[in-house]
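Lettering follows sequence order; numbering is per chain, from 1. In this text, all values refer to a predicted model and were calculated from it rather than measured experimentally.
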2 protein chains.
Amino acid sequence: MKPTPPKLSQVQVSPEDPRPRKRRNRAPNSGPTGPAHWLIRSNVSIGERLYKKIRTSIIELDLLPGTPISENAIAQLEGVSRTPVREAILRLAEERLVEVVPQSGSYVGRIPVSALPEAMLSRRALEMMLIKTATARATRDDWQQLEAHLALQADVACMDDIAGFHHLDDEFHELIGRIAGLPRVWEHVQEIKVQMDRFRRLTFAQAGRMDLVVREHTTIVEELKAGSQERAAKEMATHLTGLRSYIAKGVAQNPQYFIIDIDLDNLPESVV
Amino acid sequence: MKPTPPKLSQVQVSPEDPRPRKRRNRAPNSGPTGPAHWLIRSNVSIGERLYKKIRTSIIELDLLPGTPISENAIAQLEGVSRTPVREAILRLAEERLVEVVPQSGSYVGRIPVSALPEAMLSRRALEMMLIKTATARATRDDWQQLEAHLALQADVACMDDIAGFHHLDDEFHELIGRIAGLPRVWEHVQEIKVQMDRFRRLTFAQAGRMDLVVREHTTIVEELKAGSQERAAKEMATHLTGLRSYIAKGVAQNPQYFIIDIDLDNLPESVV
DNA sequence: CTGATTTATCTTGCATACCAGTTAATGTGT
DNA sequence: ACACATTAACTGGTATGCAAGATAAATCAG
């Protein structure tokens with residue numbers, strides 16, 4: 001198959017190398033220079049693609065918590081080698097979406113219960129800051145974008161398109177982050193709320209609640225337009241509070257999907 | 001060493017395999033089960049070790065932003081193969097501590113300027129929530145721990161041990177997170193503030209400010225003991241605000257260390 | 001039939017090899 | 001001298017193979 005020529009290079013040639021190189025090495029590590037900024041290559045490596053694909057499968061519960069996943073199996077299924085698969089798995093393990101047990105197996109990460117109330121509180125704190133800042137900075141153009149988005153939400157809510165509505169919900173909060181001039185904060189919120197999202201999908205169908213969400217969004221936008229930071233923040237807090245009372249019940253129904261690392265009867269209190 | 005039996009397995013045997021296996025395969029993927037929880041192995045893989053080592057070097061500025069780093073060079077230096085090195089580099093690239101340019105080279109990540117004000121605002125929002133919650137929940141035992149830590153801080157501040165003081169500073173904020181019953185939130189804050197820490201080390205020596213920090217910490221603890229959530233939060237905000245006015249100057253001094261992705265003359269405002 | 005032991009076959013961790021693409025020293029033509 | 005094509009030596013992305021540990025089926029001892 002492979003001729004495998006005698007490849008003794010790779011090793012560093014000694015200074016007295018009898019065969020003087022015709023071409024000199026290229027300048028090695030000549031101090032801090034940074035990458036050539038004029039060419040930013042697109043990162044569409046196999047590993048990146050697999051990461052996004054598996055991540056979506058986990059978040060949307062195509063893969064239930066605790067399901068064994070095998071690097072080999074995925075590699076065969078996708079027709080690639082284990083290397084990019086492993087790259088994706090390791091990234092997912094870092095955000096606790098996958099649990100890797102060395103020499104034994106990997107599993108879709110169970111939801112750490114302690115992450116749920118903390119994520120809710122963190123998200124609320126950050127998004128209250130975002131809505132205050134957005135209220136202070138929003139232009140009339142921003143108002144229009146927000147209202148157009150609200151109309152879109154109402155449309156999709158009518159059609160009972162849960163997945164589509166979930167996407168729009170994220171987009172709405174992202175828009176507020178952009179208006180606040182703090183888009184990275186929304187990215188952090190997204191990382192924080194991953195386990196919350198999985199919990200929600202596991203426990204309630206969330207159908208019928210879409211109208212309520214649109215109403216709350218509408219109220220938030222109204223307060224934003226009125227320029228009242230505190231009231232807008234209060235509405236945002238109302239919009240994001242909750243969940244806490246559902247945790248104990250949700251965990252009790254399907255304990256195999258969770259890592260119960262805190263006392264379910266004594267969940268962290270919320271202080272607004 | 002090892003007889004290495006004819007290992008033609010690995011491939012899936014066809015159903016009509018003339019040599020029926022004496023041992024059957026072990027049950028494959030029999031539904032969600034989760035890992036064997038009774039044995040939690042320590043994760044001291046080479047990749048993990050390298051990740052922490054390189055990360056520390058970057059954060060503590062042993063490696064300046066923009067410095068080229070080579071997977072091969074590190075692998076040789078550490079006496080391991082490229083695989084675990086690559087694993088570490090990829091993790092670092094995710095938190096923007098390394099910039100990877102495919103087929104060209106990798107570099108210590110330059111500091112994205114836009115991350116600085118956003119990190120400060122996020123941290124402030126989260127830590128204000130933490131101190132309020134901690135104030136509400138703290139027991140007399142917690143008070144003692146806090147005061148003991150303040151004494152420790154004062155000691156180290158006297159000795160001009162900057163690195164040690166930085167560590168204690170982090171520990172103080174971590175303690176507040178624990179008292180609030182929300183330790184994961186502090187972990188998130190740590191991720192958020194990485195670029196801020198690098199900026200600080202790049203621009204000011206921070207010497208002489210240690211006494212001020214200890215005084216501010218002391219004030220915060222006093223308000224916590226008094227049980228006044230709002231005042232404690234206000235002191236925390238004061239403690240964490242700042243930096244903004246230094247950004248433009250710091251970037252101007254060493255522009256090669258930064259990714260200037262926002263308008264330096266129009267940094268995001270702070271809304272408390 | 002029950003419980004301990006063996007063993008085939010899994011798993012992930014790491015090493016190695018190869019590839020395509022980038023880069024910069026070099027050679028060459030003008 | 002200077003512009004330009006050439007090309008050796010690098011880069012990170014991927015494929016593959018082996019090793020050590022874990023696990024459950026198969027086997028054996030009682």
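- Counting to the nearest Å, the C1' atom of D/dT14 and the CD1 atom of B/I89 are 17 Å from each other.
- Residue order along DNA chain D, read from the 5' end via each residue's closest nucleotide, puts B/E71 first among A/V80 and B/E71.
- Residue A/E87 contributes atom CD, which lies 10 Å from atom C1' of D/dT14 at whole-angstrom precision.
- Between the side chain of A/E71 and the backbone N or O of A/V85 there is no donor-acceptor pair closer than 3.5 Å.
- Residue A/S104 has a polar side-chain atom (N or O) positioned under 4.0 Å from OP1 or OP2 of D/dT23.
- Side-chain atoms of B/V100 lie closest to D/dG12 of the nucleotides C/dT12, D/dG12, C/dC14.
- Put simply, the side chain of A/D261 gets close to the backbone of A/S114: a donor and an acceptor are under 3.5 Å apart.
- Atom P of nucleotide D/dG12 and atom CG of B/L92 are separated by 13 Å, given to the nearest angstrom.
- Looking only at distances, a side-chain donor or acceptor of B/R244 sits under 3.5 Å from a matching main-chain atom of B/L267.
- One atom, CD of A/E48, and another, C1' of D/dT14, lie 15 Å apart when rounded to the nearest Å.
- With B/E87 contributing its side chain and B/G47 its backbone, the two residues share no donor-acceptor pair below 3.5 Å.
- Side-chain nitrogen and oxygen atoms of A/S81 include none within less than 4.0 Å of the OP1 or OP2 phosphate oxygen of D/dT16.
- The shortest distance between the side-chain N/O atoms of A/S106 and the OP1/OP2 oxygens of C/dT11 is not below 4.0 Å.
- At whole-Å resolution of the value, OH in A/Y107 and C1' in D/dA22 are 9 Å apart.
- The CG-C1' distance, from A/L50 to D/dT14, rounds to 12 Å in whole Å.
- Comparing D/dT14, D/dG12, D/dC18 by their closest approach to the side chain of A/R82 singles out D/dC18.
- Proximity of B/N72 to the phosphate of D/dT11: a side-chain N or O atom is located under 4.0 Å from OP1 or OP2.
- Here C/dC18 presents its C1' atom at 13 Å from CD of B/Q103, a figure rounded to the nearest Å.
- Residues A/K193 and A/D170 are paired through a salt bridge, judged by an N-O separation under 4.0 Å between the basic side chain and the carboxylate.
- Atom-to-atom, CD of A/E99 to C1' of C/dT11 comes out at 16 Å; the value is rounded to the nearest Å.
- Between B/R110 and the choices B/E99, B/Q195, B/Q256, the side-chain hydrogen bond (donor to acceptor under 3.5 Å, both in side chains) rule is met once, by B/E99.
- When the local axes at the two ends of the helix from C/dC1-D/dG30 to C/dT30-D/dA1 are compared, using 5 base pairs at each end, they differ in direction by 20° after rounding to 10°.
- A salt bridge links A/E48 with A/R91: the distance from a Lys NZ or Arg NE/NH1/NH2 to an Asp or Glu carboxylate oxygen falls below 4.0 Å.
- OP1 or OP2 of D/dG13 sits under 4.0 Å from a side-chain N or O of B/R86.
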